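I have placed the structure first, in the form of structure tokens, so that the comments after it can refer back to it.
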Amino acid sequence: MKVVKSFSFDIAHMLDCHDGKCKNLHGHTYRLEVEISGELIQDGPKEGMIMDFSDLKQAVKQWIVDPMDHAFLYNTKSEREVALAEMLEGWDLKTYALDCRTTAEAVSYHIYHVLREQGNLPVTRIRLWETPTSYSEYEGE
């Protein structure tokens, strides 16, 4: 059985050294779909569910939405992005570091692993919409 819950949040980022307009600082309203799979709970107050949607919402909010929403997402391997992040942090503004470029593909991969490893969720697929017509999907190895 599978269930999916959707979330929405805003992130600023840039792709340093990109050959298009995404090399500039810009933002997106991301739509995140988190799919979990598992057996149905057989008894108790959550009988018939894989997981209560409110429990899933709380976990994704804690591990992904709250840390990333309205943050500058940056690549720790980019000198220019790190410099911008340090300036923002000096002004007490929110940042979120990745050790790779902040592409939709990398962010969906990152979210999958954070939710599985830190959030201990049975995630089977992440779909991350960067625009209303473009998304990245990651289903694990």
Side-chain angles (χ1 to χ4, degrees), residues 1-42 44-141:
M1 181 66 66
K2 296 178 181 185
V3 295
V4 177
K5 184 141 184 74
S6 295
F7 303 85
S8 180
F9 51 96
D10 298 299
I11 294 176
H13 78 136
M14 62 187 284
L15 298 177
D16 192 23
C17 299
H18 183 62
D19 60 358
K21 63 184 179 180
C22 290
K23 68 182 176 187
N24 295 299
L25 179 61
H26 64 285
H28 300 281
T29 297
Y30 288 88
R31 189 174 98 215
L32 171 65
E33 295 177 7
V34 176
E35 176 187 279
I36 62 169
S37 298
E39 299 297 319
L40 297 178
I41 297 168
Q42 295 300 312
K46 300 190 182 185
E47 179 181 347
M49 301 176 179
I50 295 171
M51 178 180 212
D52 189 311
F53 280 118
S54 66
D55 295 338
L56 178 57
K57 177 182 177 180
Q58 180 55 40
V60 174
K61 185 177 181 316
Q62 174 185 349
W63 293 104
I64 301 301
V65 176
D66 287 350
M68 287 186 164
D69 187 35
H70 283 81
F72 170 58
L73 188 64
Y74 71 99
N75 177 0
T76 60
K77 296 177 182 174
S78 165
E79 189 176 312
R80 289 168 21 124
E81 291 182 35
V82 168
L84 181 54
E86 289 172 349
M87 180 183 71
L88 293 171
E89 290 163 359
W91 293 339
D92 199 28
L93 297 176
K94 193 172 175 182
T95 65
Y96 190 100
L98 290 183
D99 64 354
C100 59
R101 292 184 90 195
T102 58
T103 63
E105 296 89 340
V107 177
S108 61
Y109 176 90
H110 174 77
I111 289 171
Y112 176 93
H113 288 284
V114 167
L115 291 176
R116 282 192 65 91
E117 295 161 17
Q118 296 172 2
N120 201 29
L121 292 175
V123 177
T124 49
R125 180 182 55 86
I126 293 296
R127 182 175 285 171
L128 184 67
W129 295 82
E130 190 173 76
T131 71
T133 61
S134 305
Y135 70 84
S136 170
E137 183 172 283
Y138 184 72
E139 295 182 355
E141 285 89 40

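Note that the structure is a prediction, hence the values are computed from the model and not measured.
For the pair V34/I64, no side-chain contact is recorded, criterion being any heavy-atom separation below 4.5 Å from C-beta on.
For the salt bridge (charged side-chain N to carboxylate O under 4.0 Å, His left out) condition, the pairs that include at least one residue of residues 117-126, sequence neighbours left out, are E33-R125, E35-R125, R125-E137. Among pairs with a residue in residues 87-106, those fulfilling ring-ring contact (aromatic ring centres under 6.0 Å, His included) read Y96-H110, at least two apart in sequence or across chains. A salt bridge (charged side-chain N to carboxylate O under 4.0 Å, His left out) check over residues 77-96, counting only residues at least two apart or in different chains, returns the pairs D16-R80.
The minimum heavy-atom distance between G48 and L40, with the atom names listed, is O-CD2, 3.5 Å. Across every non-hydrogen atom of D99 and T76, the tightest pair is CA-OG1, 3.3 Å. Residue T29 comes nearest to S8 through the heavy atom pair CG2-OG, 3.5 Å, listed as atom of the first residue, atom of the second, then distance. Nearest heavy-atom pair across V82 and N75 is CG2-O, 3.8 Å. Nearest heavy atoms, Y138 versus S108: CB-OG, 4.1 Å. Here the closest heavy-atom approach between residue F9 and residue V65 is recorded as CD2-CG2, 3.9 Å.
No more than 12 heavy atoms of other residues, nucleotides or ligands sit less than 6.0 Å from atom CG of N120.
Here NZ of K23 is found 9.5 Å from SG of C17. Values are rounded to the nearest 0.5 Å. Note that CG of L121 and CD1 of I50 are 12.0 Å apart. Values are rounded to the nearest 0.5 Å. A distance of 11.5 Å separates CZ of F72 from CG of L93, quoted to the nearest 0.5 Å. Between the CG atom in L32 and the CD atom in E130 there is a gap of 13.0 Å [rounded to 0.5 Å]. With values rounded to the nearest 0.5 angstrom, D55 atom CG is found 9.5 Å from I36 atom CD1. With rounding to the nearest 0.5 angstrom, the CE atom of M1 is 12.0 Å from the CD1 atom of I41.
A tilted orientation is assigned to the rings of H13 and H28, their planes being inclined by 30° to 60°. Note: H113 and Y109 have tilted aromatic rings, judged against thresholds of 30 and 60 degrees for the angle between ring planes. Ring planes of W129 and Y135: tilted class, angle from 30 to 60°.
Here R116 pairs with nothing under the side-chain hydrogen bond (donor to acceptor under 3.5 Å, both in side chains) rule; sequence neighbours left out. When the side chain to side chain contact (heavy atoms under 4.5 Å, CB included) test is applied to A83, no partner is found at least two apart in sequence or on another chain. Considering only residues two or more places apart in sequence or on other chains, K57 meets the side chain to side chain contact (heavy atoms under 4.5 Å, CB included) condition with K5, F7.
Under a 3.5 Å cut-off, the side chain of D10 and the backbone N or O of D69 do not form any donor-acceptor pair.
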Start with the C-alpha distance between I126 and L115, add both sets of side-chain angles, then the distance that settles side chain to side chain contact (heavy atoms under 4.5 Å, CB included), and finish with yes or no.
CA-CA 10 Å; I126 293 296; L115 291 176; 4.1 Å; yes
